[in-house]
Amino acid sequence: MAQDNELFKKLVSHCKEYGFIFPSSEIYDGLSAVYDYGQYGVELKNNIKQYWWRSMVQYHENIVGIDAAILMHPKVWKASGHVDAFNDPLIDNKDSKIRYKADQLVEDYIDKLYEKAEKEVEKAKKRFGDNFDEKLFRDTNEKVKKYIDEAKIITDKLVKLLEENNLAGLKKLIEELKIVCPVSGTSNWTDVRQFNLMFSTQLGSTAEDTMTIYLRPETAQGIYVNYLNILKTSRQKLPFGIAQIGKAFRNEIVARQFIFRMREFEQMEMQYFVKPGTEKEWFEYWKEQRMQWHLSLGIPKEKYRWHEHEKLAHYANAAVDIEYDFPFGFKELEGIHSRTDYDLKRHQEFSGKKMLYFDPDIQDSYIPYVVETSIGLDRTILSVLSNGYTEETLSDGSTRVVLKIPDFLAPIKVAILPLVKKDGMNDYALNIFNDLKKYYLCQYDEKDSIGRRYRRQDAIGTPYCVTVDGQTLEDNTVTIRERDSMLQDRIPVDNIRKYLHDKLNVI
RNA sequence: GCGGUAGUAGCUCAGGUGGUAGAGCAUCAGCUUCCCAAGCUGAGGGUCGCGGGUUCGAAUCCCGUUUACCGCUCCA
């Protein structure tokens, strides 16, 4: 693990040094947990996006793509539950340094009161035996009544405070009840603070005419709100899917670990609409499909594992994550969730628009169930980079850093290098370059020794290097060096394109 | 968000006790070089995260702030 940590630091440095990923606004000290993709990072990112898009939209005739706006009507987030779920009043205990949801602390206190009341009932039950009239006891026993009444009063207070968003009042309540931290046992609390996980902004330019809107915290809702549009215009029948790649924003309290948890990040997700009752089999189907996709990135199986959700979210009836063995441990990479009809139902309720699908097979209408696959694009990039980053010691004792990533993801596909820049080798190589650049993203490099140029390409993951040498000028053959094996083939210049076409799994 | 540690050239780092910064690699130009970070010559690049304070004088002391890392917490 300590070694992995070192490796992770090296990877972060490598990403910056070679133009993959930079901290955002770095000349101003950066912005916490926001990163920019550089000249090679953006190529890698685009290649992964394209690969995902093809595997979803192109290979599945019943999946179509969309690109929904980041800004959406505020009611969307009411319907989705984000406005409630993403607004937590939090409080810290200064002694134990532990943070709690303030309302949760009060609710725990209320639960304890009910427990005390139940204990009284239990005690009485034992005392009176078979003749015990539980209802009568509950209605008349002073102690039980006191506990229950107090619980009800506090509950009412809490609800009122939450409705008013009265944070100071919430703290006062916690102090009045003498609630202590379960760990430190003290009541040394900070003020209650509101943490809103959604970024908000204003729509409308005049002060009296503005409306608070949110940057989307997930892309899925953009699909749900377009479900009817797609249904009406795409001629799709159930089951069908809608795919989308796009940015989402979360104002995380703690965002760390490089591009693993960013405030602005990109998701690739697909919502699959199915007939209710068939969701379990589609859930299994997509589990299998998605794992196959990850394995096709050339990453070994043991780097992945399943994580079954034990506690399901309110909207799901099955949920599983694909976790990847990052340098800092196994962490979520993709989620496959069976979300039932929760989201469409909620939007039907909030918008008043019927979300029904008419099923010609049974001549009846229903709201489809949804199975979603949602993958973090930035996390996928991190998985590809951390798996590919390799430090090698060669037989002569020298070392090299190689980015062993699949050909189809490599930012630069081929570098064209004159062995030395004289005798016309450079002109010859430039001609090859000018031809190849029409087909692949290429680089031409004549600076420094050939060995150093190979290492440069290794460091950014370029799978092939075409080298023009003295023999080229005599018989029009070049050598092609393969990145991982460092082995070379000598082929006629005219065959370069065919050679690359056969070797490169370019999508 | 709390606590701890740190922030010096693109990267890795050196700069007891305060006197305005160095190395290796990298980058650029030229020479040399016919296959895996070679050699030679030369050049550019930092005011020491940022702001303020103490001082005749601060990278070096103090305060604030920001960023990263570690721990705690959170992750619908």
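Treat the numbers as computed from the prediction; the structure is a model and nothing was measured. Each chain gets a letter, A, B and so on, in the order its sequence line appears, and its residues count up from 1.
Between B:G51 and B:C69, the distance separating the two C1' atoms is 24 Å to the nearest Å. As rounded to the nearest Å, B:U55 and B:G49 have P atoms that lie 23 Å from one another. Rounded to whole Å, the separation between the C1' atoms of B:U5 and B:G10 comes to 25 Å. B:A14 and B:C28 are spaced 26 Å apart, taking the C1' atom of each and rounding to whole Å. Going from the C1' atom of B:A23 to that of B:C31 covers 26 Å, rounded to whole Å. Across the C1' atoms, B:U60 and B:G22 are found 15 Å apart, a figure rounded to whole Å. Rounded to a whole angstrom, the distance from the C1' atom of B:C48 to that of B:A58 is 10 Å. When the C1' atom is compared between B:G18 and B:G53, the two are found 15 Å apart, to the nearest whole Å.
When every heavy atom of A:C465 is checked against every heavy atom of A:Y454, the shortest pair comes out as CB-CE2, 3.7 Å. When every heavy atom of A:C442 is checked against every heavy atom of A:I416, the shortest pair comes out as CB-CD1, 3.9 Å.
At the heavy-atom level, A:T467 lies under 4.0 Å from base atoms of the strands shown. If you check every strand for non-hydrogen atoms under 4.0 Å, A:E218 touches a base. As judged by a 4.0 angstrom heavy-atom cut-off over every strand, A:K421 is placed among the base-contacting residues. Within the nucleic acid shown, A:F260 has no heavy atom closer than 4.0 Å to any nucleic acid atom. A:A319 comes within 4.0 angstrom of nothing in the nucleic acid, heavy atoms only. At a threshold of 4.0 angstrom between heavy atoms, the contacts of A:T399 include nucleobase atoms, whether or not backbone atoms are also involved. Note on A:Q257: only backbone sugar-phosphate atoms sit closer than 4.0 angstrom, heavy atoms only; bases stay farther off. Across all strands shown, A:G30 has heavy atoms under 4.0 Å from sugar-phosphate atoms exclusively, and none from any base.
At a cut-off of 3.5 angstrom, counting only N and O atoms as typed in the model, there is a donor on one side and an acceptor on the other between the side-chain of A:Q488 and the base of B:C35. For B:C35, the base has a donor-acceptor partner in the side chain of A:T479 [N/O atoms by modelled type, under 3.5 angstrom]. The base of B:C75 sits with one of its N or O atoms less than 3.5 Å from a complementary donor or acceptor on the side chain of A:R261. With hydrogens and angles ignored, a donor-acceptor pair closer than 3.5 Å exists between the side chain of A:D469 and the base of B:C35. Judged by distance alone, with hydrogens and angles left aside, A:Y454 brings a side-chain donor or acceptor within reach of the base of B:C35, the pair sitting under 3.5 Å. Judged by distance alone with a 3.5 Å cut-off, a donor-acceptor contact links the side chain of A:R481 to the base of B:C36.
Regarding A:R455, its CZ atom lies at a distance of 19 Å from the C1' atom of B:U27, rounded to whole Å. Between the NZ atom of A:K447 and the P atom of B:G39 there is a distance of 13 Å, given to the nearest Å. Counting to the nearest Å, the C1' atom of B:A76 and the NZ atom of A:K78 are 17 Å from each other. If you measure from atom CG of A:N251 to atom C1' of B:C74, you get 13 Å, rounded to the nearest angstrom. Between the C1' atom of B:G10 and the CD atom of A:Q39 lies a distance of 12 Å, rounded to the nearest Å. With rounding to whole Å, A:F8 atom CZ is found 12 Å from B:A68 atom P. Rounded to an integer number of Å, the gap from A:E17 CD to B:A26 P is 10 Å. Look at CZ on A:R456: it is 18 Å from P on B:G10, rounded to the nearest Å.
Here A:D448 does not pair with A:R453 in a salt bridge; the nearest charged N to carboxylate O distance is not below 4.0 Å. Checked for salt-bridge contact, A:R339 and A:E372 meet the test: a charged N lies under 4.0 Å from a carboxylate O.
Using a 4.5 Å heavy-atom cutoff, the side chains of A:I48 and A:I381 are in contact.
Annotation: cation-pi geometry not satisfied between A:R290 and A:W286 (NZ/CZ under 6.0 angstrom from ring centroid, within 45° of ring axis).
Judged purely by atom type and a 3.5 angstrom limit, A:R250 has no side-chain atom pairing as donor or acceptor with the backbone of A:L197. Checking side-chain atoms of A:E482 against main-chain N and O of A:S485 turns up a donor-acceptor pair under 3.5 Å.
Checked against B:U27, B:C36, B:C11, the side chain of A:K16 finds its nearest nucleotide in B:C11. Side-chain atoms of A:R452 lie closest to B:A26 of the nucleotides B:C28, B:C34, B:A26. Listed nucleotides B:C11, B:G30, B:C34 differ in distance to A:M425; the shortest reach to its side chain belongs to B:C34.
The phosphate of B:C69 (OP1 or OP2) has no side-chain N or O of A:K9 nearer than 4.0 angstrom. The side chain of A:S13 places an N or O atom within less than 4.0 Å of a non-bridging phosphate oxygen (OP1 or OP2) of B:U12.
Under the 3.5 Å distance criterion, with hydrogens and angles disregarded, a donor-acceptor pair is assigned to the side chains of A:Y389 and A:E391. Side-chain contact, A:H307 with A:E332: no donor N or O sits under 3.5 Å from an acceptor N or O.
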(request) Let me have RNA chain B in dot-bracket notation, would you? Count Watson-Crick plus G-U wobble pairs, both distances under 3.5 Å, and use [ ] for pairs crossing earlier ones and | for inter-strand partners. (result) (((((((..((((........)))).(((((.......))))).....(((((.......))))))))))))....
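With the nearest nucleotide of RNA chain B identified for both A:M486 and A:S32, A:M486 has the one nearer the 5' end. Positionally, the nearest nucleotide of RNA chain B for A:E26 lies more toward the 5' end than for the other of A:E26 and A:D423.
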